[in-house]
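Encoded as structure tokens, the structure appears first; notes follow it.
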Amino acid sequence: MDTLAEAPNTTLSGVARVLVNAGKLNAKTAEDLAKQAKEKRSSFISAVIAAGAVSPSDLAHTLCTAFSLPLLDLSAVDAQRLPKGVIDAKLSAQYQVVPLGKRGSRLFIAGADPTDQEALERIKFATQLTPEWVLVEHDKLLKVLEGIGASASEALENIVGGDFEFDVSEEDTAAQESADVTADVEDAPVVRFLQKMLIDAINMRASDLHFEPYELNYRVRFRVDGELREITQPPIAIKDKLASRIKVISRLDIAEKRVPQDGRMKLKFGNKAIDFRVSTLPTLFGEKIVIRILDPSSAKLGIEALGYEKAEKDRLMAAIQRPYGMVLVTGPTGSGKTVSLYTCLNILNQPGVNISTVEDPAEINLPGINQVNVNDKAGLTFASALKAFLRQDPDVIMVGEIRDLETADIAIKAAQTGHMVMSTLHTNDAPTTLTRLRNMGVAPFNIASSVILITAQRLARRLCENCKQPATYPREAMLKAGFKETELDNSWKPYRAVGCSSCNNGYKGRVGIYQVMPITEEIQRIILADGSAMDIAAQAQKEGVRDLRQAGLHKVKLGVTTLDEVISVTNE
């Protein structure tokens, strides 16, 4: 037996060698099965089981012992609860693997062939996680893969069916035909791909989709909870067709590829509709397209859901209920300023209140509010729209952004003449907002007499409640981060992100971190004396206003987010 196995063993590798060494197959049978698998372009394991040479259970137990790997009974796992979207369905089917869950940077994958290094490398590249094998029986694995394939194709059929459609007008259809865009048959795969990407993005709670062409490849990334993740790399040949398809639906000029364009599109699900904002950008190798998902329900979450603490919420509510004055929301792009403003507008949106907004562009459609889009080409700027609003008998005015002195002056005059004005500015925190207005050229008296409250904000990733675990940080690191000696007792404990099948590396959703600073008489005196942002910040601290770092550390104490995340988003 030894001499029979020894000669061919030099050519056998992987699972075949293990089975021969374990006495489950003789070398000649193993060699024949390996040849069959090669001719049929199937795996060696499939050939062994199809020939009935080794049972799936016996095979799994043999490999489990040989490689010291955990063995899982896949029939005891609910396939519906397996993580979705972690590994591309094609990749999963090609290498016959199923993702089981994540823990930190590790991804546990169920498979029958632990010697398949190519599968590991491809999965590692696609997910940016370190895959680890969990052995399962081949027949049970195929059943799960069939179920996943069936549900995916079923979902795709539903997507392309009549229950799901783009809102395209007759004019757009005519434009598409006249521009001689590819025939319907050729377009069908592109249409399906785009619809599937949008559905996947909505299911993954993504805020943006990025379609990016490069010289040798084309990739799609989603921004989920503030982080960009690569989802798939479709064939580079579809980049122009996909760009044309998106442009037609977004009512953009499909012939113009040299300048950036902005548009909107809408998806209809029966009675429900979801809006998307589309932006195109000419790059070296084609047009990069970013689609932002505009979720109207985010404006109706309520002030508590955004993450305001009680004291912060009370200050904000007191300010917006006043009959006149200016409330400013500040922070970088993507920090949730628009959602905060819309939430406030939603609270004020009553039949007896006339609300007008001017934005660039209006992101969320709110019934009962008069919304205007800026159109620079036509001369409709923030300043000109504001002037028109003042002749429209408004009670509340919202300006998308104060960018220049003219807009600032008109907004301040509106606030001084009996209107509640809300707007945004791009500054780092609340005190620097006042000096920014001063640098724009607004007189200190006008700032002091009109601005009644400033809120600065950031978005931090929220810890997953299912898998977060207590963490231990060195005392020095806690003090350096901003905690006080008196806070470092045993009454609370920080948590760390772990990662499970229902979250994104230990985080799920985001929470706001806020600095809510009312303009008190003392702060007004500092503004009138042309004081610095540091003077204003020091006074705000005396009055009990937390800065952004302190507000973030409070969220750490509550176990809502991690210290690492707070340090990252409130980097000072």
Side-chain angles (χ1 to χ4, degrees), residues 101-106 205 224-227 301-318 331-332 335-336 339-340 343 428-431 455-518 537-572:
K102 291 185 291 182
R103 179 168 292 171
S105 62
R106 295 186 297 166
R205 309 183 318 279
V224 182
D225 293 339
E227 280 194 332
L301 287 172
I303 203 85
E304 290 82 8
L306 299 183
Y308 283 92
E309 301 299 327
K310 187 180 184 307
E312 297 165 348
K313 183 187 79 171
D314 291 346
R315 288 182 203 139
L316 182 60
M317 288 298 98
S335 60
V339 171
S340 291
T343 303
N428 289 332
D429 60 10
T455 171
Q457 65 183 74
R458 299 288 187 277
L459 285 177
R461 289 180 294 168
R462 192 190 286 269
L463 272 167
C464 172
E465 291 297 328
N466 292 333
C467 64
K468 69 178 184 181
Q469 289 183 4
T472 305
Y473 293 101
R475 192 178 184 83
E476 297 74 26
M478 302 279 274
L479 292 170
K480 189 177 178 184
F483 283 110
K484 295 173 185 170
E485 281 279 3
T486 53
E487 292 179 293
L488 300 182
D489 52 27
N490 294 323
S491 63
W492 64 279
K493 54 189 174 186
Y495 286 87
R496 63 185 176 88
V498 178
C500 65
S501 59
S502 64
C503 68
N504 180 23
N505 295 331
Y507 297 98
K508 191 171 185 180
R510 290 192 284 178
V511 65
I513 295 173
Y514 303 94
Q515 176 186 25
V516 183
M517 186 179 83
Q539 181 58 35
Q541 286 280 315
K542 284 182 194 172
E543 294 172 2
V545 174
R546 290 192 186 110
D547 63 25
L548 284 165
R549 173 58 65 84
Q550 291 164 345
L553 295 178
H554 184 66
K555 293 281 193 291
V556 173
K557 285 179 72 175
L558 295 174
V560 175
T561 188
T562 62
L563 184 60
D564 302 337
E565 184 70 6
V566 166
I567 291 170
S568 154
V569 299
T570 61
N571 200 2
E572 295 172 345

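Because the structure is predicted, anything quoted here is derived from the model rather than measured.
A donor and an acceptor atom, one from each side chain of D489 and S491, are located under 3.5 Å apart.
Residue D429 holds its CG atom at 7.5 Å from CZ of R458, rounded to the nearest 0.5 Å. Separation of atoms CG (D314) and NZ (K310) is listed at 4.0 Å; rounding is to 0.5 Å. Atoms CE and OG1, on M517 and T455 in that order, are 10.0 Å from each other to the nearest 0.5 Å. I513 CD1 to E309 CD: the interatomic distance, rounded to the nearest 0.5 Å, is 10.5 Å. Interatomic distance, CZ of R510 versus OG1 of T561, reported as 11.5 Å (0.5 Å rounding). Interatomic distance, SG of C464 versus OH of Y495, reported as 13.0 Å (0.5 Å rounding).
Ion pairing of E565 with R462 is absent here, as no side-chain N (NZ or NE/NH1/NH2) approaches a carboxylate O to less than 4.0 Å. For E485 and R475, the salt-bridge test passes: some basic side-chain N is under 4.0 Å from an acidic carboxylate O.
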CA sep, side-chain torsions, deciding dist, call: T562, L463, side-chain contact (heavy atoms from CB on, under 4.5 Å): CA-CA 7 Å; T562 62; L463 272 167; 3.5 Å; yes
Let's go through Q457 and L306 carefully: what are the C-alpha distance in whole Å and the side-chain angles of both, what is the deciding distance for side-chain contact (heavy atoms from CB on, under 4.5 Å) to 0.1 Å, and is it a yes or a no? CA-CA 11 Å; Q457 65 183 74; L306 299 183; over 6 Å; no
Stepwise side-chain contact (heavy atoms from CB on, under 4.5 Å) check, K508 with R205: CA-CA 9 Å; K508 191 171 185 180; R205 309 183 318 279; 3.7 Å; yes
Quick one, T472 with R496, criterion side-chain contact (heavy atoms from CB on, under 4.5 Å). Give me CA distance, side-chain angles, the key distance, then yes/no. CA-CA 9 Å; T472 305; R496 63 185 176 88; over 6 Å; no
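In this structure, the side chain of R461 does not engage the main chain of Y507 through any donor-acceptor pair within 3.5 Å. Distance alone, capped at 3.5 Å, is enough to place a donor-acceptor pair between the T343 side chain and the V339 backbone. A donor-acceptor pair under 3.5 Å links the side-chain atoms of Q550 to the main chain of D547, judged by distance alone. Remark: side-chain polar atoms of Q515 are paired, donor with acceptor, to backbone N or O of A430 under 3.5 angstrom.
Atom NZ of K557 has more than 12 neighbouring heavy atoms from other residues, nucleotides or ligands inside a 6.0 Å radius.
The two residues C500 and N466 come nearest to each other via the heavy atoms SG-CB, 4.2 Å. The shortest non-hydrogen separation linking Y514 to G307 is CE1-C, 3.7 Å. Between P494 and M478, the shortest heavy-atom distance links the atoms CG-CE, 4.3 Å. Here the shortest heavy-atom pairing between A481 and L553 reads O-CD1, 3.7 Å. Residues S335 and P332 approach most closely at OG-O, 2.7 Å, considering heavy atoms. Of all heavy-atom pairs between P518 and R315, the closest is CG-CD, 3.6 Å.
Y473 pairs in a side chain to side chain contact (heavy atoms under 4.5 Å, CB included) with only one of the listed residues (V556, L563, L488), which is L563.
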